[in-house]
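Only one structure is covered here, and it is reproduced in the block below.
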Amino acid sequence: MTTDATTKPTVRPSSLPVKPRIYSGIQPTGRPHLGNDLGAIRNYVALQDRYEAIYCIVDYHALTHVHDPEVLRRQTLEMAAALIALGLDPKRCTVFVQSDRPEVTELCWLFNTVTPVGWLQRTPTYKEKRANQPEDVNHGLLTYPVLQAADIALPKASLVPIGKDQAPHLELSREIVRAFNARYGETFPEPQAVYTEAPVVLGTDGQRKMSKSIGNTIEILAEPDVIRKQVMSMVTDTQRILRTDPGRPQVCNVCQLHRHFGKDYEEIWDGERAARTGCVDTKKLLVERIIAHYAPARAMYSELLADPAHLRAILNEGAERIRPIAEATMTEVRERMGLR
Ligand code: TRP
């Protein structure tokens, strides 16, 4: 994953045009699973050289559903370690924790005043979350997309790599920025989504999107035995009963995942179709490939977590890099709004 990390120059000659700025936020869900990597993190890694990339672990957003301080702190550090272990290089991009730059909460408040309540109440994710946690419909859930708009606007990012599930949030971010610009003058670029190419990664149940809350994950940074157990438990082609029945790779989640772990997946699929191989063989191969692929990341992840002070220093440096950008934006915004 970290292939060319050391060969690329880290200092940009000042004569070259500044690369467009991208921003993305990721929830501090702790150790990421295969769906997080294929759906988002791989893409972040690929984009860090083409753009001036800023990646943020959004702990303020997480407070809308995580209420245990120790859990939040631990999961934030775990996500940070994982992002770096999976290939984000703090020399080539900026990785920081949202609450280390509290200016974003001020910008969120200011954005609240240009955002009609109706826009937020209509947001599909708000309706979903209200249904998922009816005992805790806190105001943060409603204003969540305003904070997300502030995240993106604070560094004036113009591109936002996200999964399709975030489309409604990004549409709102654009509308909020537009409303601000209309009232106070052109201040922020309207952010554009950069959709990740990876299709939705299904969980080990072969039915639903891989998700920690469902418990159908493959934990790529866990001990090999854990990965082995999770992959071997995967639901495959449910119509293939006998070992001699032909398999249907297009509906088999194990076969689909092989796409990401070797160029020879078509051959593996042929073996399944011809019943030369059984589901168990194909799973065993997948397990070994996943374990091998993530071995360097797994080692680096453990190392980073074993030295939290060092990890914290990396994150502090990321937040410090954003400081002058955030301060400049806030000075401009306060002036435009009549606060100075
Ligand atoms: N809402 C996003 C998610 O749940 C996380 C997020 C917060 C985000 N702020 C952002 C994503 C800004 C992109 C840009 O995945």
Side-chain angles (χ1 to χ4, degrees), residues 20-30 32-33 35-44 47-48 51-66 72 75-76 79-80 82-83 88 93-105 107-108 111-112 115 120 123-130 132-133 140-177 188-196 198 200-201 209-214 318-319 322 325-326 329:
R21 187 173 282 164
I22 68 171
Y23 177 102
S24 194
I26 191 163
Q27 291 260 357
T29 49
H33 53 71
N36 299 133
D37 187 40
L38 299 183
I41 300 171
R42 270 190 185 189
N43 201 39
Y44 290 178
L47 293 170
Q48 67 184 339
Y51 298 99
E52 182 194 334
I54 302 171
Y55 299 116
C56 180
I57 301 161
V58 293
D59 56 349
Y60 282 140
H61 279 102
L63 286 172
T64 58
H65 59 100
V66 180
L72 185 60
Q75 294 196 156
T76 300
M79 183 53 82
L83 289 174
L88 288 189
C93 67
T94 299
V95 182
F96 81 109
V97 176
Q98 190 181 30
S99 64
D100 285 343
R101 268 292 45 94
E103 292 89 337
V104 79
T105 60
L107 187 58
C108 176
F111 277 2
N112 277 335
T115 308
L120 302 175
T123 309
T125 46
Y126 171 61
K127 293 184 190 166
E128 264 165 48
K129 287 173 183 175
R130 217 173 35 183
N132 286 347
Q133 50 185 73
L141 290 180
L142 185 66
T143 206
Y144 183 109
V146 187
L147 181 58
Q148 182 157 343
D151 280 335
I152 300 166
L154 189 66
K156 297 196 176 182
S158 47
L159 296 171
V160 185
I162 42 169
K164 278 268 191 269
D165 62 309
Q166 289 294 310
H169 282 159
L170 203 81
E171 199 37 57
L172 258 176
S173 292
R174 291 164 61 81
E175 281 172 324
I176 292 168
V177 160
F188 299 106
E190 270 179 42
Q192 302 250 329
V194 183
Y195 291 113
T196 51
V200 172
V201 179
K209 185 178 159 173
M210 191 177 288
S211 148
K212 191 174 174 179
S213 58
I214 299 175
I322 304 294
I325 300 171
T329 301

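On a predicted model such as this, the values are computed, not experimentally measured, just so you know. Whatever order the structure lists ligands and atoms in, that order sets their numbers, starting from 1.
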Starting from atom 10 (C) of ligand 1, what is the nearest protein heavy atom, named by residue and atom, and what distance separates them? Q148 CG, 3.4 Å
Between Y55 and Y44, what is the ring plane arrangement, given parallel below 30°, perpendicular above 60°, and tilted in between? parallel
Going from CG on L142 to OG1 on T64, what distance comes out if it is rounded to the nearest 0.5 angstrom? 11.5 Å
Heavy-atom contacts under 4.0 Å between I152 and ligand 1: side chain, backbone, both, or neither? side chain
Backbone, side chain, both or neither: what part of I162 comes under 4.0 angstrom of ligand 1, heavy atoms only? side chain
Look at atom 5 (C) of ligand 1 and say which protein heavy atom is nearest, naming residue and atom and giving the distance to 0.1 Å. G25 O, 3.5 Å
Need the ligand 1 atom indices (1-based, order shown) with element for anything under 4.0 Å from a heavy-atom of Q27. 4 (O)
heavy-atom search around atom 2 (C) of ligand 1 in the protein gives Q166 OE1, 3.2 Å
I'd like to know if the side chain of T123 reaches the main chain of T125, judged simply by a donor and an acceptor atom lying under 3.5 Å from each other, with no hydrogens or angles considered. no
Atom pair CG/NZ of L141 and K129 - distance to nearest 0.5 Å: 6.5 Å
For L154, is there any backbone N or O sitting under 3.5 Å from a side-chain donor or acceptor partner on T329? yes
Could you state the interatomic distance from CG (D165) to NZ (K209), rounded to the nearest 0.5 Å? 4.0 Å
To which protein heavy atom is atom 9 (N) of ligand 1 closest, and what is the distance rounded to 0.1 Å? D151 OD2, 2.7 Å
For atom 4 (O) of ligand 1, which protein heavy atom lies nearest, and how many Å away is it? Y144 OH, 3.1 Å
